[in-house]
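Everything on this sheet refers to the single structure shown next.
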Number of protein chains: 2
Amino acid sequence: MVDKPPAGEKKPQRLGVREIAKRVGVAPMTVSRALSNPDMVSPETRAKVLEAIEQAGFVPNRLASSMRGNGRMIGTVVPPLINSGIAEQVQGMSDECHESGYSMLLVQGEFTQEAEESSIRNLLGWRPVGMILQSFVQSETARALLKSSGAPVVEISEIKGRKPIDMVVGVSNFETAYAMTMHLAAKGYKRIGFVSTPIHGNDRLRQRRTGYHAALTELGIKNHADMEVEVPITAQGGAEALVTLTSRHKDIDAIFFSSDTLAVGAVQECHRRRWAVPGRIAIAGYGDMDLAAQLYPPLTTVKVNRYEMGRRAVRQLLARLGGDTKVPTITSLGFEIVDRESA
Amino acid sequence: MVDKPPAGEKKPQRLGVREIAKRVGVAPMTVSRALSNPDMVSPETRAKVLEAIEQAGFVPNRLASSMRGNGRMIGTVVPPLINSGIAEQVQGMSDECHESGYSMLLVQGEFTQEAEESSIRNLLGWRPVGMILQSFVQSETARALLKSSGAPVVEISEIKGRKPIDMVVGVSNFETAYAMTMHLAAKGYKRIGFVSTPIHGNDRLRQRRTGYHAALTELGIKNHADMEVEVPITAQGGAEALVTLTSRHKDIDAIFFSSDTLAVGAVQECHRRRWAVPGRIAIAGYGDMDLAAQLYPPLTTVKVNRYEMGRRAVRQLLARLGGDTKVPTITSLGFEIVDRESA
DNA sequence: TTGACAAATTATAATATTATAATCTTAATA
DNA sequence: TATTAAGATTATAATATTATAATTTGTCAA
């Protein structure tokens, strides 16, 4: 009761179109239009409104717009940003969103099925106009929620295999890995190992391994499970994998790492052991990270344009939202085998 | 008119507390409470409500909650995620947000003052309950907007110098750089160069340079501007900086890089030139990235816990939002000089 | 001077949730 | 049996915006 203002005093109106309208002497709707449909307002009125807005430091409430169905928010769930190429992808998404006036709601983490589900649920609570997800969504409940939300969904993922919820943007991880394995074979390597970060639940990695297997089969090389290792996505992981594989197989002459981070770590281990790369062992990576070209020796790797993938994903969503009915369901970005000196 | 449903037919009610309430035969308010104040609802009612929610696949609309003042969204503006330690910070923020049921609205990019201002304006449109910004906000307009928004603000930045808008979390970049420079001097290096990514507009980098200068002065070394270079934050940048400095000064014996990414690039250049590190030249970095310890030779660097910084920033915000009035205005996280073999 | 038409503006209602105040139940006490 | 209190539930109003329909204003021609 102490705080209650005296009867006559008008309470300090919160800053909204209503208040701006009052100050200019016009209806709230006119203020709204001055901002979003300038053509429907006379130039003079518009000028007065914009000035009042500027003057008051008014920032339109996007929550309310969103509730009325003018939302401009995209939700996204991504794996950990460190050491993977995800950071570049997020940058691509963010840039594209920003340029189109959209905002990006981000959840990041290492997800079990339940965690993934709860993250998606959280995001959907904000009623985003579109969702971008990494990898295929595992949880059936989550898939159902996404579908019934009505928002278009882009999965940035392996482009072949399981049926997408809606749209997919990505590369054929199978083909990239197949191509690299063939490339190594063509360069004369006979015993090629494969190192990956944990594959469980990750389509992309699984497809890479499958591509590696397919190439070996085609080459008439019997593929030994003990030519493969899974390690955490760190430089140390790469170094350890190198040690494991080379001590298992004295004659191994090349290792294909499913991530540049691992390959770089392995190269360091070779330096420590005074092993020539590729003389003693050839090393190939995946991703073409910034360091790859500068590494000593320069890293042979698979180049995938992650930044562009991020941008494309957003562009697909926006196209769909813009009413474009013939947005492709599957968008495959190309890849490139970058042949450098490490293999 | 074709679409209009026949008169008697009830239009398909959108899924909201209202609809759930109708199905359970209870008031909307009760549904709301079943979710957010379970204690105020009888166990039986609550069970029925939760079942109906589950059954219908209802996801509460956070926009509407937010409008009523129950928002749980934090806005953040960060520099590019690639090659800097920012990804770890974002991971920290995301984890902490997620654990507390908050969502993170992220804008990422390389910002001029105007772009920074527009990004902040965009975020504020969503009425976040708190904001986390990198570095001190430059634009006066943006600072005003932030202040008048009433949301608590954490700047993750240099902890000394300019007056923060609200709270700061960070380290003293001055001290870290001072300490590293002194460390190098103590190890016997006489001519120490400094390489940084573009300093303009970045407090943290400026403070690092200042710390480097202060140390030189204290050591009685006259500091030459041509012992410093600015390069882009890439491995190549680091390599180029090494070339530039060593050709300018034949007697330079150590280089302190303001980022591990640069230092790693420089080490590769040394390998190409068959220069011993630290025999021919010592290399020190900043950040202690994953690769630093695995690098050949292992990288001497400044370790700052960026992940923890991100978590702390969010925790400070939440504490303040939780009504804690004695949240510290300035939080300094410690640092560590990690002495390895490269210097 | 009236009518027709377009342009500009205003009024209304709808979006989904929840704090608050009001009401209804039930049980315990006098 | 009436009274009181606590617990559970419901009714009301408020949050800010905008599509739509309705109204006002102005211009031109008949």
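All values reported here derive from a predicted model rather than from experimental measurement.
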Can you tell me how far [atom2] of [N] sits from [atom1] of [X], to the nearest Å?
{"X": "B:Trp126", "N": "D:dT17", "atom1": "CH2", "atom2": "C1'", "answer": "12 Å"}
{"X": "A:Glu19", "N": "D:dT17", "atom1": "CD", "atom2": "C1'", "answer": "15 Å"}
{"X": "B:Lys48", "N": "D:dT9", "atom1": "NZ", "atom2": "P", "answer": "8 Å"}

Checking A:Gln89 side chain against A:Met309 main chain: does a donor-acceptor pair fall under 3.5 Å?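 No; judged by distance alone, with no hydrogens or angles, the pair does not exist.
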Starting from the 5' end of DNA chain D, give me the residue, B:Pro43 or A:Asn70, whose nearest nucleotide shows up first.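 So the residue in question is B:Pro43.
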Please tell me which of B:Arg68 and B:Arg127 maps to the more 5' nucleotide of DNA chain D, matching each residue to the nucleotide holding its nearest heavy atom.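 This one resolves to B:Arg68.
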Under 4.0 Å, counting only non-hydrogen atoms across every strand here, what does [X] touch: a base, just sugar-phosphate, or nothing?
{"X": "B:Arg33", "answer": "base"}
{"X": "A:Ser36", "answer": "nothing"}
{"X": "A:Thr45", "answer": "sugar-phosphate"}
{"X": "B:Thr30", "answer": "base"}

At a heavy-atom distance below 4.0 Å, what parts of residues 49-57 of chain B sit against DNA chain D?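 Nothing qualifies; none.
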Could you go through the side chain to side chain contact (heavy atoms under 4.5 Å, CB included) check for B:Asp166 and B:Arg320 one step at a time? CA-CA 11 Å; B:Asp166 188 357; B:Arg320 173 72 71 78; 3.0 Å; yes
Show me, pair by pair, the donor-acceptor contacts under 3.5 angstrom made by side chains of residues 46-62 of chain B, not counting sequence neighbours?
from, atom 1, to, atom 2, distance (Å)
B:Asn61, OD1, B:Leu63, N, 2.8
B:Asn61, OD1, B:Ala64, N, 3.2
B:Arg62, NH2, B:Ser103, OG, 2.9

Find the bend of the helix from C:dT1-D:dA30 to C:dA30-D:dT1 as the angle between its two terminal axes (five pairs each), to the nearest 10°.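 Here the helix ends are tilted 60° relative to one another.
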Can you see whether A:Thr331 engages A:Gln316 through a side-chain donor-acceptor pair at a distance of less than 3.5 angstrom?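 There is such a pair between these side chains.
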Do NZ/NE/NH1/NH2 and the carboxylate oxygens of A:Arg311 and A:Glu99 come within less than 4.0 Å?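 Salt bridge flag = yes for A:Glu99 with A:Arg311.
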